[in-house]
Structure formats: structure tokens, C-alpha cells
Amino acid sequence: MQETLIRCENVSFQYGEERDNLTALKNIDLEINRGEFVAILGHNGSGKSTLAKHFNAVLTPTNEGRVLVGGIDTKDEERVFEVRRQVGMVFQNPDNQIVATVVEEDVAFAPENLGVEPSEIRRRVDEALEAVGMSEYKKHAPHKLSGGQKQRVAIAGVLAMQSDCIVLDEPTAMLDPQGREQVISTIVKLAREQGKTVVLITHFMEEAALCDRVIVMNDGQILLDGTPKEVFSKRAELKSVGLSVPAVTELCAILNESGLDISPDIISEEECLKEVSRVLKG
Amino acid sequence: MSIIKVSDLTYCYGKGTPFEKVALDNVSFNIEKGEFVAIIGHTGSGKSTLVSHLNGLLRADSGVVELDGENIFNKGYDLRSVRFRVGLVFQYPEYQLFEETVYKDIAFGPKNMGLSDEEVRERVIWAAKALEIKAELLNKSPFELSGGQKRRVAIAGVIAMRPEVLVLDEPAAGLDPAGRDRVMRLITDYRDRTGSTVVIVSHSMETAARYADKVVVLNNGKLFMCGSPDEVFSRADEIEKIGLSLPPVTKLIHSLIKEGYDLPENIYTAHQAAEALLSLKSKGGER
Amino acid sequence: MGDITIGQMYPASSAVHRLDPRFKIVFTIMFVVMLFTAGSALTVAVNAAFVLIAYTLAKIPLKMLVKTLRPVIPIVVFMLIFNVLFYSGETVLLKLWIFKITLEGLKSAVFMVFRIVLIVAGTSLLTYTTSSIELTDAIESLLSPLKKLKFPVHELAMMMTIALRFIPTLIEETQKIMSAQKARGADFESGNLIARVKALLPILIPLFISAIKRASELATAMESRCYHNGIGRTRLKTLKSGKNDIAALMVMTGLLALVVVLSMFNL
């Protein structure tokens, strides 16, 4: 079951050549297994986006380190499209990743590039739009959709490529709360119901709390790596790198420090309500 | 005394075409001098259209915007002067940066006001300081800065005009948690120091609850609620009905109130909640 | 905002929408030829009838047509005045200072207006009923013989698609930047020409910077979706012509022949 999909071995990356203060990644070792739902947290400039771009060979390590995706070295230029097909990417700005002027034609873009048969493209496009709940918009012009809808179209574009893994680079940063909700529930559905491997880069703690595993980046290195409960119980450490914990976690931690018998590693609102009710009754 | 008085404001996009859409529908409210106002609503509720009226960028189809008792839409009223008195910071304002240096960019507004070089200089330095922009950054190109720095430079460019009213549309959008906190802290500091009126447009009830004296809630172009955060949050159910979400901690406390616990409604942060729960517990936690 | 209709498809399910885009491009060229051949009231009327019937068949409401024509009103008005005032004709109707308004001038003006309106309406129908991807596919297909001459047909088509996709986005962006600079007291309305051109810099620079940023992000996104210069590329919708296309071609050829013959007899 624990099959490694993405393996980073001693990955360093430097933007530009001469200035070493632009080192974005420093000797990263990391494994992401098939079917995992992983969040990567970190403040702006912590290297999280740079790391994500290594997962589909948009960037490759500038040192001797390497990234293997399904066993393929991303530095192998011959097989770069095999890597990109396996690991699909969704970016932050919904406007700058939609190529076509009709929703369904945008979703078809990747399979078209891969030379898939037209009837098969049709099937994949319909299926992908269904999976993100955008079927009724398939003939619409993308620029008239809301941000949340655009991001779901972008996700459908990756699904139509039949990737094993979806990497989302701050997909909700530019969205309003409703759009964020739409996109997150779509992502959760893909991870939980369709068994996709999902890597979600975000700086919303509540979103990270939904994942199986949280990786915290700081200064080009991995600072923390564990379950959401493990990571969010390190409040002080997170604050020192400009991050926070979900509000309910903060609340339970304060109550715990004040001597109440409440577990300090609560991460969801439901859990929190249950715990607080229990303590109030007790 | 009200510095801005909005009465019966109505505005349609594409008026007279088959694509007419009412963006604001009879909106009225006041902004008092020195007040911190939050305008809340989801996308398409009309909040951005509303703030573009406050500095005269858009002209209402009907209704009045009074600045210091004078209708800015009156004939002969100098609309350009309104832009200096009501400073508007748009969403993602870093996209407006264009000058060679940070200094020149911040100076753009004050220069347009026709101030002397000396006055411009004084204001740029003052605004940069208010936004914690280090002196050595002033001679750099704005395009070399980080996202958070660019945001602060763009805000400084508006503050440098020393507007009586500062309006900011989602000033913290897209920033990381530390960036968000920093921008909000700088805005509140600025307000505390200068006593100027501040209006923030946001999707987030959390921002409203934490900073505002008055909350204006818009829905479908209509004024849905207007009052102090406590007044507005006491009607939490109605707010959730129009698709705005409450801060998670407020939601928790309201659920507990529904279960019969005696807790105050106006709780927005983890610290407030902890305090309230601890005091309830010490009273014995009676239902 | 988003009011720009040129280049945007009007989604509907109609026989015209379903025509092969390659045929539609050819029809549009035929229509332009037909319109410029028309020199009489009768032949212009045939063109007008063609446009109206085509819009009806395409299920495009006339208010869309009105919206399309709005931007050309200034040109129309200018042409109208120009023709009325400066056309030298025989039958003088009215004398105004150095201008004389003649019957011929009026006629010529009316023809001109009809032509402009019809050409805008007729060619817009192509973009209303054809998605830009279909359009670029069709152009790619029509130009494909040039590939043998090493002409970058696919790249050209891709460029067109992207341009069409980003026109509305960049227009919206321009409006936003303009508002933001106005809010800082920028003045685009007063001053001499040089001052006004200078006043555009605060809009142009951010716009270019943003366009470049968008371009680099889009390139990364396209690469991530396995784009590699159209080598081995297939399409969701393959271009297929059928009975309807041939039928439409016959009708179109017939109409063109009619207009040509009528014009030959000066009718």
C-alpha cells in the first residue's frame, strides 16, 4: 500500500547563478506516497512553491540531488511528459492557467497535447467536469466564471489528463470565502472518494487541518512533518515562522494551559464543540 | 459629526442596455469622523461599487454622497479634490506600482496634489515610516520587492496624500498569516496615531469583528444591516443565511449558547472565547 | 466591464453554430465580396436580408447585434457627415456656407452606413457562432498547405487563441489600473498631447508588467499540461463537413452569383 509516488533526494534549488541568498531549497529529502493527502505550509518565500514546481519537472534541482516521480528522474528530458502527465498542477491565479475561450475546450487541452483519441477526450472532459461539478458550464466562456469556478475548471483540466497526483499551489489564495469553500470541498472529494494523491500548498491553517499530513517549510527547509494534530500542537514553533494554528486549536490550547482537562490537539470545529461541551458538563 | 453621508445611493451597470444590472439599490448610511467602518458582503454584493462612489470614481444614478456636508455630485464640485480627501486603496494595489523607485511611486499622489518638492519629500518619508518601509528600500525599484513589501508601498502611496478618510478594499487578501497580521496592525496603528477615519471592505466577518466600530453588511446591492459589531453579530443566523460565514470561534460559542450555556454573543477571538469559557466554568458551568 | 462582445462567442445551439468553421470562414469572405459588389438599393437589401436571416438561424437575439454595433457608431457618424458634406454631386438640395448637400452625397452616405453596419454585423456572426478554438483550428486547417513552406501555422493559431482568451482579462485589468491611478489623483483628461501621453505611463507600465507576469505563468501552466508545440496533438472536436455545410455553400454561392449578376445589370 505504501508505494512512493514522489521522492525528493537531497534537492537544492537556486534562482539565478551568482547570488546565493536566492537559494530557495536546501537539501530537501521527502517522500510522498500514492493516495496521500498532504498539505505544505509556509510563509511567502519559504520555498513551498519552488518545491511544488519540482514535483512535475517545471523546475529541476540545481545541485546533484534528484526528484523521482513514479521512478522517473525529472531531469530525464526524454520522459518529462510522462512526469507531467502523472503529476498535474493547479496554480494560484485562476486567470493565468486557462488557455481556451470555452470551458470544455480548456479541459481538453492536456489530453489534446498528449494525442488522445477525440472520442476518448470527449469522455474524459465530460467525466472531469462532472467530478468538479461544472458540467452545466461546459459551453461557457471562462472569463465570465467566478474565481472558485475557474479553479474548478483548472482542476478538471488536470483530471482529464488522468494524473495520479494533483499538486495545487495556493489554489484558494485569491478567492472569496465561497470560492474557497467550493474548491476545498472539491479537493477533499478527490482525495477521499477518488483516492487521488493530493498535495495542497496553502497558508490557510483550516485547510491544512483537513489533510492527512502537514509539512511545514521555512527558509527552504522542512521544519515540521507529521499529522495535522502533531504539527498544530507545536504552536510556538509555528508562530516563530510566521504561521498560526486554526482558531479552535488555539482556543483548546489556551484552555488546556489554563488547567482545564481538555485535549490540546483539537483541529476541527466539531471536535472542539464536543470537547468544550464535555468539559463544561464535567 | 458625519464625515461621509450616503443617502439613497443607486447605481446600475450598463444602464439603458438590455444588460442592465443593479449594483447598488437605495443604500444609505453614515460614517462618523474617526470611526473604523467595515463594509462586509460576498462577491457581487456591491461593496466595491459602493466604495468607488465614496471618492467619486463612479457617479451614482441617483442618491447623494455628502463629504463634510456637501454633495460631491453637485455641479461644480471638484471631484479630483475628493480623491485626495478620501484615499482609496484597491484590491491587490501592488498592481498599480509603476515608478522607477519606491520613493517616486509613493510620491505620485502627493505630486498630483500639486505640493512642493519639500512637502512631497516629507510626506513620502512619513508614509514610508507608517508602513514600516525601510529607508534603504526607497531607492529600489518597486518591482524588486517581495509581495508583502509591494502591498505596503502601494498603501503608503495613498496614505501619503493624508486623506481624511482612508478606504481599503481587502487590504490583506492573498498575503500569508504574518503578512495579513502586519498589514492590519499597521492600519490600526495609523488610525490610532492620526485619528483618521478608516473604512475596510472585506469578505471576512472576522476582520469586521476584530477592528470595526461599525459594520455595514451589503447583500445583492442592498443595505442588509448596519450597526456595531455586537449588534450585527447578535443576528448571526441572518448573516449565515446570506452566505457570510462567522469566525469559527463565534460559531462555537453560538452553538454552546443554543445548547443553553450562558455565554456572551460578542466573542470573535480564541482569547475572548477562552476567557468567557473559563469564567463560566468557574461559576460552575450551570446550564 | 466585460462589455466587450467582439471576439466572444454567443453560446447557443443552432444550425449555424454547428456548421464547419472552415466553411464559415469561407462564407464570411464570400459575404464581404458580396457586400462590396453590391452597389444598388436592391443588392444592398439582399445583403441586409442575408444578415438578418443568418442571425435568426443562429438564434442570436437582435439586442446582441445592437451591442456589437455600438462601438462603430462614431465611425458611422463620421462617415455620414463626411459623405454628406464632401461628395460632389449634381442635384443640390441645400447650400451651407462652402458646403453643398447633394442628393448623390446623401445616397452615398446612406450606402456607406449600410455597408459599415452590415460588414460589422456579418463578420461578427462568425465569432458569435464559432468558438475561438474552432476558429483557430479552421484557420490552421485552411492554411495547412503553407506548412510545407515551413510557415508556422500551428504557432500562429495558438497565438490567436491566447490573444482572444486574454483580451477581456486585460481590458478588465486596464480599467482597474486606471481607477487605481485616478484614486491617486492621476489626470488623464487635461493638458496638451504630450502631457496626456505622459499621463498614460502610470497605466501602461503596470499593464505591461502584469501582462508579462501573466504570460510567464501561462507558459508554466501550459507546459504543466504537456504542451509541446502541437507535435502529435489531437483535438476534442475534429473538423468534419457534412450535408449542411455543402447546402449552405450552395445557397451562399447562389446569393453571390445573384448579387454579381444584378450589379452587372446595374440593378
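Basis for what follows: all heavy atoms, side chains included, without hydrogens, waters or symmetry-related copies.
- Remark: C:F36 CZ is packed, more than 12 non-hydrogen atoms of other residues, nucleotides or ligands lying under 6.0 Å away.
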As a quick check of understanding, evaluate side-chain contact (heavy atoms from CB on, under 4.5 Å) for A:F91 and C:E217, giving each step before the final call. CA-CA 9 Å; A:F91 297 89; C:E217 287 185 23; 5.7 Å; no

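- Put simply, CZ on C:R225 and CG on A:N56 are 12.5 Å apart, with the number rounded to the nearest 0.5 Å.
- If you tally non-hydrogen atom pairs under 4.5 Å between each of A:V116, A:V158, A:V58, A:V125 and chain C, the highest count goes to A:V116.
- The closest side-chain heavy-atom distance from A:F109 to C:R233 is below 4.5 Å.
- C:T234 contributes no side-chain N or O that, together with a main-chain N or O of A:P118, makes up a donor-acceptor pair within less than 3.5 Å.
- Nearest heavy-atom pair, C:T161 versus A:V99, reported as atom, atom and distance to 0.1 Å: CG2-O, 3.9 Å.
- Heavy-atom contacts from other residues, nucleotides or ligands closer than 6.0 Å to CD of A:E78 number 12 or fewer.
- Both the backbone and the side chain of C:S224 have a heavy atom closer than 4.5 Å to some heavy atom of chain A.
- Options A:Q97, A:H140, A:R124 differ in how many heavy-atom pairs under 4.5 Å they form with chain C, and the most are formed by A:Q97.
- A:K53 contributes atom NZ, which lies 6.0 Å from atom OG1 of C:T220 (distance to the nearest 0.5 angstrom).
- Contacts between A:V83 and chain C at a heavy-atom distance below 4.5 Å are absent for every atom of the residue.
- Separating the CG atom in A:N96 from the CZ atom in C:R165 is a distance of 7.5 Å, to the nearest 0.5 Å.
- The 12-atom threshold is exceeded at NZ of C:K24, counting heavy atoms of other residues, nucleotides or ligands nearer than 6.0 Å.
- For the pair A:R84 and C:E223, the tightest heavy-atom approach, listed with the atom from each and the gap, is CD-O, 3.1 Å.
- The number of heavy-atom neighbours closer than 6.0 Å to OH of A:Y137, taken from other residues, nucleotides and ligands shown, is 12 or below.
- Interface residue A:V102: only side-chain heavy atoms are found under 4.5 Å from chain C.
- Counted within 6.0 Å of CD on A:E31, heavy atoms from surrounding residues, nucleotides or ligands total more than 12; the atom is thus considered enclosed.
- Ranked by heavy-atom pairs under 4.5 Å with chain C, the first of A:A57, A:A110, A:G88 is A:A110.
- The distance from atom CG of A:D95 to atom CZ of C:R214, rounded to the nearest 0.5 Å, is 5.5 Å.
- Neither the backbone nor the side chain of A:Q92 comes within contact range of chain C; no heavy atom of the residue lies under 4.5 Å from a heavy atom of that chain.
- At least one side-chain heavy atom of C:L236 sits under 4.5 Å from a side-chain heavy atom of A:E112.
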